[in-house]
Amino acid sequence: MEEIKVFCPATIANVSCGFDVLGLALDAVGDEMIVRKVPEKGIHITKIKGQDLPLAADKNVAGVAGLALLEQSGYSGGFEIEIDKRIKPGSGIGSSAASSAGAVWAMNELLGRPFSNLELVKFAMQGEKLASDVAHADNVAPAIYGGFTLVRSYDPLDIVTIPTPPELYATVIHPQIEIKTSDSRKILKSTIPMEKGIRQWGNLGGLIAGLFQNDYDLIGRSLEDHIVEPIRSILIPGFDNIKANALKADALGGGISGSGPSIFALSKGKETAEKVAQSMRETYQKVGIPFDIHVSKINAQGVKPIV
Ligand code: ADP
């Protein structure tokens, strides 16, 4: 195989109580990418459609992640990459992660799969480092493995895949305002009171158990973040109303997607997820900021070929 076209999923990091460790992949939102083998060494990004992003390999996350893989591969040639960018950068649904994960997954396929998923996550994390100065894995891990993933440890890197209940859907609203990841990190406190920690890891354990047991009520009860959301949500106009009305429309729960400004809700069944989308639409029309809304099944596969 000399060329492959792939779907690179958008991802929701944190998922409420799993700050910096939990993430999930979406199915209805993502970029497309064509990757082909070429004799010239290095990564050559030849086309980017949809967004104004750098073509230079060392300035684009797809290039940086790809170069990290190339260095370890022993392959004497290089790769050409075309990106159809459908996830807006800075939206909080893993725009940079989609490109980093898509590039290394596709290259691994073209080389005959010499690398494991865990190794691909490590390469993709180099792209994340370029985007936000931190080599975090909570978006690239679900983008590569699919479904829900837990970053149990960074040193050594240990990714745990979590099963997805079959009827689980996500609704995501992206208010079109810019929140810099660095700003939304700066406002967080570096210590947490013990009592908040206890509530948070109780919820994270509950969420993981709910996902394993297909227990939608437990998932809903556990989608509570006592540490980050109360602080970060101040940066997102209309957050409290969006969340309250999503719950009234029967969402299981929700929160901030990644570092925002996107807000997500999880629901049992597509019909409820659509009802939640409608409630978000009605709520946000009153705020007066343009927005996009997506309803998506959880993507079990991660990056996948488009045939
Ligand atoms: P999101 O908040 O949606 O996860 P990020 O903030 O992680 O998005 O990443 C966006 C940053 O990464 C921007 O500064 C953007 O210029 C940079 N970037 C570099 N290459 C890419 C790429 N291929 N796709 C998206 N963003 C990229």
Side-chain angles (χ1 to χ4, degrees), residues 9-19 22-30 86-95 139 148 165 167-181 183-184 187-188 200 203 207 210 216-299:
T11 44
I12 295 176
N14 301 340
V15 200
S16 214
C17 51
F19 181 63
L22 200 61
L24 67 85
L26 297 173
D27 217 19
V29 202
R86 299 173 180 199
I87 315 169
K88 295 184 182 118
S91 53
I93 51 170
S95 178
N139 288 105
F148 281 78
E167 291 178 79
L168 202 62
Y169 277 78
T171 311
V172 184
I173 177 166
H174 172 214
Q176 287 176 18
I177 51 169
E178 194 192 342
I179 296 180
K180 289 208 175 83
T181 306
D183 288 344
S184 65
I187 60 169
L188 298 180
Q200 195 86 352
N203 279 323
L207 178 55
Y216 295 91
D217 288 337
L218 178 56
I219 292 169
R221 292 201 299 284
S222 306
L223 281 170
E224 272 192 56
D225 170 6
H226 298 288
I227 295 173
V228 177
E229 184 178 297
I231 300 172
R232 274 194 176 166
S233 58
I234 295 162
L235 300 175
I236 307 171
F239 176 85
D240 291 343
N241 283 341
I242 282 281
K243 191 170 168 185
N245 291 340
L247 292 173
K248 272 191 215 149
D250 294 332
L252 299 167
I256 303 169
S257 177
S259 55
S262 287
I263 305 165
F264 78 97
L266 296 182
S267 300
K268 183 180 180 186
K270 191 170 184 198
E271 213 175 294
T272 307
E274 296 283 4
K275 199 165 89 178
V276 171
Q278 186 54 27
S279 97
M280 287 181 171
R281 205 168 287 120
E282 283 165 14
T283 309
Y284 227 73
Q285 266 156 3
K286 293 182 195 132
V287 176
I289 294 171
F291 58 89
D292 297 323
I293 291 186
H294 310 285
V295 172
S296 175
K297 216 173 161 36
I298 311 303
N299 167 352

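When reading the values below, keep in mind they use all heavy atoms of this one structure, side chains included, and skip hydrogens, waters and symmetry mates. Computed from a predicted model, the values in this text were never measured in an experiment.
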Margin query: Could you report the tightest heavy-atom contact between Ala28 and Val295, atom names first, then the distance?
Written below: CB-O, 3.4 Å
Margin query: Minimum heavy-atom separation for Ser91 and Ser262, please, with both atom names.
Written below: O-OG, 2.7 Å
Check: So His226 and Asn203, side chain to side chain contact (heavy atoms under 4.5 Å, CB included) or not? Walk me through it.
Finding: CA-CA 10 Å; His226 298 288; Asn203 279 323; 3.7 Å; yes
Notebook entry, point to check: Say you draw a straight line from CE of Met280 to NZ of Lys243; how long is it, rounded to the nearest 0.5 Å?
Noted result: 11.0 Å
Margin query: Applying the side chain to side chain contact (heavy atoms under 4.5 Å, CB included) criterion to Phe264, which one of Val15, Leu26, Ile93 satisfies it?
Written below: Val15
Notebook entry, point to check: Does any non-hydrogen side-chain atom of Ile256 lie less than 4.5 Å from one of Ser233?
Noted result: yes
Notebook entry, point to check: Glu224: what forms a salt bridge (charged side-chain N to carboxylate O under 4.0 Å, His left out) with it, not counting sequence neighbours?
Noted result: none
Checklist line | Under the salt bridge (charged side-chain N to carboxylate O under 4.0 Å, His left out) test, residues paired with Lys88 that sit two or more places apart | finding: Asp292
Check: If you look at every heavy atom in Leu266 and Ala170, which pair is closest and at what distance?
Finding: CD2-CB, 3.8 Å
Notebook entry, point to check: When rounded to the nearest 0.5 angstrom, what is the spacing between CD1 in Ile87 and NE2 in His174?
Noted result: 11.0 Å
Item checked: side chain to side chain contact (heavy atoms under 4.5 Å, CB included) between Thr272 and Leu252, intermediate numbers included -> CA-CA 10 Å; Thr272 307; Leu252 299 167; over 6 Å; no
Check: For the residue pair Gln176 and Phe291, what are the closest heavy atoms and their distance?
Finding: NE2-C, 4.0 Å
Note to self: With side chain to side chain contact (heavy atoms under 4.5 Å, CB included) as the test, pick out the partner of Arg232 among Asp183, Asp225, Leu188.
What the structure shows: Leu188
Next item on the list: Specify the closest pair of heavy atoms between Ser184 and Ile179, including all atoms of both residues, with the distance to one decimal.
Entry: CB-CG2, 3.9 Å
Check: To the nearest 0.5 Å, what is the distance between SG (Cys17) and CD (Glu229)?
Finding: 10.5 Å
Next item on the list: Walk me through it: do Ile219 and Leu223 pass the test side chain to side chain contact (heavy atoms under 4.5 Å, CB included)?
Entry: CA-CA 6 Å; Ile219 292 169; Leu223 281 170; 4.1 Å; yes
Check: Is it true that the side chains of Asn139 and Thr11 contain a donor and an acceptor less than 3.5 Å apart?
Finding: yes
Checklist line | Check against side chain to side chain contact (heavy atoms under 4.5 Å, CB included), Ile242 and Val287 | finding: CA-CA 10 Å; Ile242 282 281; Val287 176; over 6 Å; no
Next item on the list: Examine the side chains of Gln278 and Glu282 and answer whether a donor and an acceptor come within less than 3.5 Å of each other.
Entry: yes
Margin query: Please report the interatomic distance CG(Asn14) to OG(Ser257), rounded to the nearest 0.5 Å.
Written below: 8.0 Å
Note to self: Whether the side chain of Tyr284 engages the backbone of Ile173 through a donor-acceptor N/O pair (distance < 3.5 Å, no angle test) should be reported.
What the structure shows: no
Item checked: Identified side chain to side chain contact (heavy atoms under 4.5 Å, CB included) partner of Ser296 from the options Ile12, Asp27, Thr171, Leu24 -> Asp27
Check: Taking all atoms of both residues into account, what is the closest heavy-atom pair of Gly269 and Tyr169, and its distance?
Finding: C-CD1, 3.6 Å
